[in-house]
Amino acid sequence: MWKPYPIQNRISIDAMFSLFERYCEPDCRFLGEAHNFWECLYVEWGELCVSADERVYHLREGDLIFHKPLEFHKFYVEQENGADIFVFSFRMEGELSECFFNKAVSLLPEERACMERMIAYVRRMKPDAEADCENRKNYVSIFEESETFSQMLVSYLYQLLLPLSERETERKGLMREDAEIFKKAVQYMHANMNRQVQVAELSEFLNVSQSWLKRIFERFAGIGIHKYFLQMKMKKAVELLESGVRVSDTAERLGFSSQAYFSAAFRREMGKNASDFLP
């Protein structure tokens, strides 16, 4: 008698969306984005500053950051030598996926070796990849050129992610006064999402000038305070709508003066009608 032991798929990756490497020149700035899938940024060489919602990280060679779905993230390079990064995005489900929420980690030697093997495999599959005007080598075309590439790539990701889920990750915070102000400002917005927060109110709460607060948001978020707060509300609106909350109730919960105003703002920011997200 042979006893079968079922395979427990505690992490499942079933789609890839991006796969590229990029040399970021000094003063390079990526103004940011948010999407409904996971993304990882790995620093092969150099240093850069990465913001993920209200959190700000100073990443160095061998560091990896996870951006969860709908998280607004951006980065910029302050060092004079620039940085080499490798970026990949994917759809991940499973009970262990929560382990990677708000995570930035310095890879251990064996984890870094796994990452480097994955990168070497990707480069070997497309050695003639050329950099575009943004110094980016894109490898997504390999998914169409090879029948086994996607499964091989995901096998490397499992080898990397499963061990990471079993140990405490080291969070690398950028310990600077302006980063802490930015974090507290975003936390205040989260706590008051049911109404409109003005810049004057926010600066008074943080005991900083409005002009300095505006510069902090331009630096770490790449957008103004009002725009950032509106994007936060839109992300929360998607969560409410997908959970079955009516459009009118969603508008009320997020402090909009009317359903019509909310619907127009949602369509402008998200490119879809709010009702499209209802189950």
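Just so it is clear, the structure is predicted and the values come from calculations on it, not from any experiment.
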Note to self: For a side chain to side chain contact (heavy atoms under 4.5 Å, CB included) check, start with the C-alpha distance between V199 and H226, then their side-chain angles and the critical distance, and finish with the verdict.
What the structure shows: CA-CA 8 Å; V199 177; H226 289 296; 3.6 Å; yes
Next item on the list: Might you work through the salt bridge (charged side-chain N to carboxylate O under 4.0 Å, His left out) test for R10 and E95, ending with a clear yes or no?
Entry: CA-CA 6 Å; R10 304 187 67 192; E95 58 185 292; 3.2 Å; yes
Next item on the list: Might you work through the salt bridge (charged side-chain N to carboxylate O under 4.0 Å, His left out) test for R112 and E61, ending with a clear yes or no?
Entry: CA-CA 10 Å; R112 189 170 179 180; E61 183 177 331; 2.7 Å; yes
Next item on the list: Mind running salt bridge (charged side-chain N to carboxylate O under 4.0 Å, His left out) on E180 and K183 for me, showing each step along the way?
Entry: CA-CA 5 Å; E180 188 64 25; K183 180 179 179 180; 5.2 Å; no
Next item on the list: Take F149 and Y121, measure what ring pair (Phe, Tyr, Trp, His ring centres under 6.0 Å) needs, and give me the verdict at the end.
Entry: CA-CA 9 Å; F149 177 72; Y121 168 69; 5.6 Å; yes
Notebook entry, point to check: Under the ring pair (Phe, Tyr, Trp, His ring centres under 6.0 Å) criterion, do F75 and F30 qualify, and how do the steps go?
Noted result: CA-CA 5 Å; F75 68 80; F30 172 61; 5.5 Å; yes
Next item on the list: Evaluate side chain to side chain contact (heavy atoms under 4.5 Å, CB included) for E21 paired with D84, printing each intermediate quantity in order.
Entry: CA-CA 7 Å; E21 61 179 308; D84 285 322; over 6 Å; no
Item checked: Derivation of the ring pair (Phe, Tyr, Trp, His ring centres under 6.0 Å) call for F182 and F217 -> CA-CA 7 Å; F182 177 73; F217 268 80; 5.1 Å; yes
Notebook entry, point to check: Where do Y158 and I13 land on the side chain to side chain contact (heavy atoms under 4.5 Å, CB included) test, with the steps shown first?
Noted result: CA-CA 9 Å; Y158 286 148; I13 299 174; 4.0 Å; yes
Next item on the list: Begin from the C-alpha positions of I11 and S97 and carry the test side chain to side chain contact (heavy atoms under 4.5 Å, CB included) through to its verdict.
Entry: CA-CA 6 Å; I11 293 178; S97 60; 5.7 Å; no
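When all heavy atoms of A83 and L48 are compared, the closest pair comes out as CB-CD2, 4.5 Å. E80 and P26 get closest at one heavy-atom pair: O-CG, 2.8 Å. Of all non-hydrogen atoms in S248 and Q259, the two that sit nearest each other are CB-OE1, 3.2 Å. Taking both residues in full, the closest heavy atoms of I65 and Y57 are given as CD1-CD1, 3.5 Å, listed atom of the first, atom of the second, then distance. Between V105 and F66, the closest heavy-atom pair is CG1-CE1, 4.3 Å.
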Exercise answer: donor-acceptor pairs, residues 237-247 side-chain atoms, under 3.5 Å, sequence neighbours excluded:
residue	atom	partner	partner atom	Å
S243	OG	E239	O	3.3
S243	OG	L240	O	2.6
R246	NE	D249	OD2	3.2
R246	NH2	D249	OD2	3.4

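A 6.0 Å sphere centred on CD of E130 holds no more than 12 heavy atoms belonging to other residues, nucleotides or ligands. Residue E204 qualifies as open at atom CD: its count of foreign heavy atoms under 6.0 Å is 12 or below. By the 6.0 Å contact criterion, NZ on K184 is open, its count of non-hydrogen atoms from other residues, nucleotides or ligands being 12 or less. The number of heavy-atom neighbours closer than 6.0 Å to CD of E47, taken from other residues, nucleotides and ligands shown, is above 12. Within 6.0 Å of the CG atom in D276, the count of heavy atoms belonging to other residues, nucleotides or ligands exceeds 12. Within a 6.0 Å radius of NZ in K235, other residues, nucleotides and ligands contribute more than 12 heavy atoms. Applying the 6.0 Å contact sphere to OH of Y261 captures no more than 12 heavy atoms from other residues, nucleotides or ligands. Within 6.0 Å of CG in N207 there are 12 or fewer heavy atoms belonging to other residues, nucleotides or ligands.
The pair R219-D178 meets the salt-bridge criterion, with a side-chain N (NZ, NE, NH1 or NH2) lying under 4.0 Å from an Asp/Glu carboxylate O. Checked for salt-bridge contact, K68 and E71 meet the test: a charged N lies under 4.0 Å from a carboxylate O.
For the atom pair CD (E252) and OG (S257), the distance works out to 12.0 Å, reported to the nearest 0.5 Å. Atom CG of residue L70 and atom NZ of residue K236 lie 11.5 Å apart, to the nearest 0.5 angstrom. Atom-to-atom distance recorded for R29:CZ and Y76:OH is 6.0 Å, nearest 0.5 angstrom. The SG atom of C40 lies 7.5 Å from the CG atom of L160; values are rounded to the nearest 0.5 Å. To the nearest 0.5 Å, atom CE of residue M152 and atom CD of residue E147 are 14.5 Å apart.
Counting only residues at least two apart or on different chains, the salt bridge (charged side-chain N to carboxylate O under 4.0 Å, His left out) pairs with a member in residues 32-44 are E44-R123.
Contact annotation: the side chain of K3 approaches that of Y5 to within less than 4.5 Å [non-hydrogen atoms, C-beta and beyond]. Taking the side chain as every heavy atom from C-beta outward, V43 and R60 never approach each other to under 4.5 Å. Between Q231 and I223 there is a side-chain heavy-atom pair separated by less than 4.5 Å. The shortest side-chain heavy-atom distance between L202 and I225 falls under the 4.5 Å cut-off. Taking the side chain as every heavy atom from C-beta outward, N36 and R91 never approach each other to under 4.5 Å. Residues I181 and V208 are in side-chain contact: their nearest non-hydrogen atoms beyond the backbone lie under 4.5 Å apart. The side-chain heavy atoms of V186 and R55, taken from C-beta on, include no pair separated by under 4.5 Å. In this structure the side chain of L107 reaches within 4.5 angstrom of the side chain of L164, judged on heavy atoms.
Between the side chain of Q196 and the backbone N or O of G255, at least one donor-acceptor pair lies under 3.5 Å. Here the side chain of E144 pairs no donor or acceptor atom with the backbone of S141 at under 3.5 angstrom. Remark: side-chain polar atoms of N273 are not paired, donor with acceptor, to backbone N or O of S275 under 3.5 angstrom. Side-chain N or O atoms of S165 include none that pairs as donor or acceptor with a backbone N or O of C99 at under 3.5 Å.
Judged by distance alone, the side chains of N194 and R253 never bring a donor and an acceptor atom under 3.5 Å apart. For the residue pair R22/N135, the side-chain donor-acceptor check at 3.5 Å is not satisfied. Under the 3.5 Å distance criterion, with hydrogens and angles disregarded, a donor-acceptor pair is assigned to the side chains of Y42 and E116.
Because its NZ or CZ atom is both nearer than 6.0 Å to the ring centre of F277 and within 45° of the ring axis, K272 counts as a cation-pi partner of that residue. Cation-pi geometry between K233 and F256 is met: under 6.0 angstrom from the ring centre, within 45 degrees of the axis.
F88 and F90 have parallel rings, their planes meeting at less than 30° on a 0 to 90° scale where 60° marks the start of perpendicular. The aromatic rings of F37 and H35 lie parallel to each other, with less than 30° between the two planes, well short of the 60° mark.
For Y188 and F205, the gap between ring centers is short of 6.0 Å. In this structure, W38 has its ring center under 6.0 Å from that of F101.
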